[in-house]
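Worksheet: one structure, shown below.
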Protein chains: 2
Amino acid sequence: MAQLSDNIEQFIKDLMHEDARVDLRRNELAQHFGCAPSQINYVLATRFSVDHGYIIESRRGGGGYVRIVRMQTRSESGFLDMLLNRVGNSISEETANAIISNLAEKGMVTGNEAALIRSAIARSALSLPVSSKNVLRAAVFRNMLIQVFRNYEEGKRDDV
Amino acid sequence: MAQLSDNIEQFIKDLMHEDARVDLRRNELAQHFGCAPSQINYVLATRFSVDHGYIIESRRGGGGYVRIVRMQTRSESGFLDMLLNRVGNSISEETANAIISNLAEKGMVTGNEAALIRSAIARSALSLPVSSKNVLRAAVFRNMLIQVFRNYEEGKRDDV
DNA sequence: CTATATTGACCATCTTTGACTATTATAAAC
DNA sequence: GTTTATAATAGTCAAAGATGGTCAATATAG
């Protein structure tokens, strides 16, 4: 089932296992995977966004490159502030999921916890319009309970 | 005479004989049985629901799949069933917290997970009235993020 | 007759590609 | 040395492809 995009993502993450920064040639990488160069941009956009905790820099022309940098966080409280700011008053499920992935990659939440958070903020959990907090709470809680049992079933293993 | 749905159900259950989890291609399976793809959804909805002890996950697009996950034992899925029933359509924060404590006592969730669930369904997280899912999601997510960092700063300790 | 099953039309989401554009380095011309 | 042409990169965006989801109409089994 592994998709081209997933393979490229993994390839890059392997490269970054040691270093917080990696440079690569877009065209070379595309050739290595036998795909269109713009495919690389797609992977970067969907898996290495700022919300995922990465910054992309690049340069065109001879000797051009694409640089992927894993963002560093100074302090935990600063990081939390930044995240709360990013979330703000409104956030899409996709953006939230990117942030959750980032937290999981950083080891700040376990895979189970990440899944639990996802289940609480999923579109399907937030039934609107809703008349009372109790009704809304039930919807969110139900989703989380199901998630708990999914985790429990897998023997608390962390695969997300 | 065995219905198509029964055959598909059996086929999937055979696949799951060994593993508690199986991934399949909806279209492939439909083709295998010479039926409409949506027939697969029907089978999943009627025979692999949460009530039946299964959880369905899926992904669209290239490399898409349908994943069926079985909960470990009948008693566990029965327990979940009971809980979902108890939650029903509406639940107070107090009742929900009691359920969460019970799950923690049984060791089905860690202390961190319990705290995370509480933070998602707290009165303060469920800001109503609210105009959009994104706004509501932000409120819930913010609460959970704060909880994540509280857990993390406490050294990932699990005290309930 | 009623409950269950089946299908098909239409929708939503994710991925891959290709044509066109933008930028930079290097070599050539002056 | 500056200007100009050419090659070498990378970026953007929209279209096409590849899946799966939903729902209402219809058919079938009991």
Side-chain angles (χ1 to χ4, degrees), chain A residues 1-12 21-52 54-69 92-98 101 118 121-127 143 160, chain B residues 1-12 21-52 54-69 133-134:
Chain A
M1 303 282 167
Q3 249 9 70
L4 177 53
S5 287
D6 297 332
N7 292 337
I8 297 174
E9 173 187 8
Q10 198 50 55
F11 183 86
I12 294 174
R21 170 180 138 176
V22 68
D23 284 13
L24 41 84
R25 295 297 186 97
R26 189 182 76 147
N27 286 348
E28 262 182 26
L29 193 55
Q31 196 156 27
H32 180 263
F33 281 98
C35 65
S38 55
Q39 178 75 33
I40 307 302
N41 298 82
Y42 175 76
V43 173
L44 295 179
T46 56
R47 286 126 157 110
F48 294 89
S49 70
V50 169
D51 289 320
H52 283 97
Y54 297 88
I55 291 175
I56 306 296
E57 299 164 357
S58 70
R59 207 171 168 173
R60 309 186 190 191
Y65 60 87
V66 174
R67 173 173 299 160
I68 306 167
V69 185
S92 72
E93 185 170 359
E94 291 70 33
T95 304
N97 277 334
S101 298
R118 284 201 180 90
I121 61 165
R123 253 182 289 272
S124 58
L126 306 176
S127 49
N143 238 42
V160 183
Chain B
M1 177 175 42
Q3 301 283 297
L4 176 53
S5 286
D6 296 333
N7 293 337
I8 297 174
E9 173 187 9
Q10 199 49 55
F11 183 86
I12 294 174
R21 169 178 138 176
V22 69
D23 284 12
L24 42 84
R25 297 293 184 104
R26 188 183 76 148
N27 286 350
E28 262 181 27
L29 193 56
Q31 196 156 28
H32 181 264
F33 282 97
C35 65
S38 54
Q39 177 74 32
I40 307 302
N41 298 82
Y42 176 75
V43 174
L44 295 178
T46 56
R47 285 127 156 110
F48 294 89
S49 66
V50 168
D51 303 339
H52 286 92
Y54 296 87
I55 292 174
I56 307 295
E57 299 165 355
S58 70
R59 194 172 169 190
R60 308 186 189 189
Y65 60 85
V66 175
R67 173 173 300 161
I68 306 167
V69 183
K133 289 198 182 195
N134 282 358

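Below, all heavy atoms of this structure are taken into account, side chains as well, without hydrogens, waters or symmetry copies. Chain A is the first sequence line, chain B the second, and so forth, proteins listed ahead of strands; every chain is numbered from 1.
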What nucleic acid atoms does [X] come within less than 4.0 Å of, heavy atoms only: base, sugar-phosphate, or nothing?
X: S58(A); answer: sugar-phosphate
X: R67(A); answer: nothing
X: G61(B); answer: base
X: N41(A); answer: base

Exercise. If you count the non-hydrogen atoms of other residues, nucleotides and ligands that lie under 6.0 Å from CD in Q10(B), is the total more than 12?
Worked result: yes

For this session: Using heavy atoms to find the nearest nucleotide of DNA chain C for V43(B) and G62(A) separately, return the residue whose nucleotide is more 5′.
Result: V43(B)

Exercise. Closer to the 5' end of DNA chain C via nearest nucleotide, is it T46(A) or S38(B)?
Worked result: S38(B)

For this session: Establish whether the base of dG11(D) is bridged to the side chain of R60(A) by a donor-acceptor pair shorter than 3.5 Å.
Result: no

Exercise. Is a donor-acceptor pair below 3.5 Å formed from side chain R25(B) to base dG20(D), judging by atom type as modelled?
Worked result: no

Using whole Å, what does the distance between atom [atom2] of nucleotide [N] and atom [atom1] of [X] come to?
X: Y42(B); N: dT28(D); atom1: OH; atom2: P; result: 15 Å
X: E93(A); N: dA12(C); atom1: CD; atom2: P; result: 15 Å
X: L4(B); N: dA5(C); atom1: CG; atom2: P; result: 10 Å
X: L29(B); N: dG21(D); atom1: CG; atom2: P; result: 12 Å
X: R123(A); N: dG21(D); atom1: CZ; atom2: P; result: 14 Å

Problem set entry | Phosphate OP1/OP2 of dG20(D): any N27(B) side-chain N/O under 4.0 Å | yes

Exercise. Counting just side-chain N and O atoms, does R47(B) come under 4.0 Å of either OP1 or OP2 of dA5(C)?
Worked result: yes

